[in-house]
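Worksheet: the structure to be examined is printed underneath.
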Amino acid sequence: MIRIRVTDAAIDVAAELGALERAGGGAVASFTGLVRDDNGVEELFLEHYPVATEKALSDLAAEAIQRWSLAAATVIHRVGAMTPGERIVFVGTAAAHRAAALEACAFLIDRLKTDAPFWKRETRGQDARWVGERDSDRDAADRWKR
Amino acid sequence: MIRIRVTDAAIDVAAELGALERAGGGAVASFTGLVRDDNGVEELFLEHYPVATEKALSDLAAEAIQRWSLAAATVIHRVGAMTPGERIVFVGTAAAHRAAALEACAFLIDRLKTDAPFWKRETRGQDARWVGERDSDRDAADRWKR
Amino acid sequence: MAAIDLLYFAWVRESIGIGHERATPPAEIADVAGLIDWLAARGGGYAEALGDKTRLRAAVDQLFVPLDASIAGAREIALFPPVTGG
Amino acid sequence: MAAIDLLYFAWVRESIGIGHERATPPAEIADVAGLIDWLAARGGGYAEALGDKTRLRAAVDQLFVPLDASIAGAREIALFPPVTGG
């Protein structure tokens, strides 16, 4: 079961986890990324490349399902304007064994950071700036290359 | 923030994740273990060693918080009689970075399996038997030794 | 060469001032880098957004590609900064 | 030696038939293994539960210990199979 969603509505983590639990497998892992108020960020705006985003997320989920024999993989990404504390991204996996669920979850969030066409803009007062690429994200994604 | 609970009531994953999200950090990881109906299991009974269990879980959470600089760690373990599909265990972490949250989550569930005094008994029809130790669990716990 | 849908995202979109346009590059333009130079030569926001190729990434027909990728037969080309989602 | 609280869990508890008792082992019993042998010598469920020490684990005053750990001064000793939680 693959569930992909790019949405401007709040992410319902309980509903997503419930669906993963019902997918069978017995082991469910999740990662949730929240807007941080680092250095006074007041608003985070997420832009994306429609259709290409969904395709990138679907491809990652399909790769994870195949590589870790998952029962299910879910990737939900918020777009549009958000404030600190709101959920930006939810990644969840269901598998027969805990190591598969946890590793696949780490894979999905690491690779999403470099492979899916999203861009963040932070606003602090009158100052709006686009977030730059992080070397650590590239390194994290690279560790999943085989 | 450390939250430890050994309970015979259903685990409320949404409430636990909400508390982790409010702990700050921006990155929340979780693992949920569910009763599987492997080979026709009808009931799973979880026995524990009161007080020693809570101490073992608290020690693990404290070690995780220190080692990965977590904002919060939660470990909830169900005891008593359960049926397939019910949640046995929930582990959750909150950190400033996703790798810390995910690694600490894997650490907590791996070490819980070998360090916390819980015992599982599976019932299939008239046949009730205690689950044996798994070598793979010992190996998974060992990888966190430094 | 047929008309191509050009898409711009993030600060590339903001500098150029639009997110989408159709354009027909001259036949001698073979790859994404050549397309970027051709667009940058329009000056103004284009020059500002597209002057430094090290800051740019591209997708041809929604597939991420290096800047030396061919644009032959492309229907949609997107230009944008490195992605920062998640 | 003072009386010790003995706790049994899982199939150790089921074989012995009780989860808790107080006992005063003879002074010459120094470690957990010696305590196990002393209890197993009672026969019946004790012998069944405690006859094979490779299947047993122990905690002294709620701390997991190897079976050669001293029981001097212990107030509570638990005997049980390898744990299987999570």
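The model shown is predicted, which means the values in this text are computed figures rather than measured ones. For the numbers below, each heavy atom of this structure counts, side chains included, while hydrogens, waters and symmetry mates do not. Naming: A, B, ... by sequence-line order, numbering from 1 per chain.
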Closest heavy-atom contact between C:Thr84 and A:Val131?
CG2-O, 3.3 Å

Is the count of non-hydrogen atoms from other residues, nucleotides or ligands lying under 6.0 Å from C:Glu28 atom CD greater than 12?
yes

Give the interface residues of residues 9-21 of chain C toward chain A, defined by a heavy-atom separation under 4.5 Å.
C:Phe9, C:Ala10, C:Trp11, C:Arg13, C:Glu14

Do A:Tyr49 and C:Leu7 have side chains that approach each other closer than 4.5 Å (heavy atoms only, starting at C-beta)?
yes

Would you indicate whether C:Arg75, at its atom CZ, is surrounded by more than 12 heavy atoms from other residues, nucleotides or ligands within a distance under 6.0 Å?
no

As an exercise, state the distance from CD of C:Gln62 to OG1 of A:Thr53, rounded to the nearest 0.5 Å.
8.5 Å

Ordered numerically, the heavy-atom neighbours of chain C under 4.5 Å found in residues 116-128 of chain A are A:Ala116, A:Pro117, A:Phe118, A:Trp119, A:Lys120, A:Arg121

Picking from A:Val79, A:Leu112, A:Val51, which has the most non-hydrogen pairs under 4.5 angstrom with chain C?
A:Val51

Tell me whether C:Arg57 is salt-bridged to A:Glu133, with the criterion being a basic N under 4.0 Å from an acidic carboxylate O.
yes

Minimal heavy-atom distance between C:Val83 and A:Asp115, with the atoms involved, is CG2-N, 4.4 Å

In terms of heavy-atom pairs under 4.5 Å with chain C, which of A:Arg134, A:Glu47, A:Lys55 leads?
A:Glu47

Can you measure from CG (C:Leu63) to CG (A:Asp59) and round to the nearest 0.5 angstrom?
9.0 Å

Across all chains, not counting sequence neighbours, the salt bridge (Lys or Arg N to Asp or Glu O under 4.0 Å) partners of A:Arg143 are A:Asp110

Tell me if a side-chain donor or acceptor on A:His77 pairs with a main-chain N or O of C:Gly86 at a distance below 3.5 Å.
yes

Close contacts, residues 81-101 of chain A versus chain C, judged by heavy atoms under 4.5 Å:
A:Ile88, A:Val89

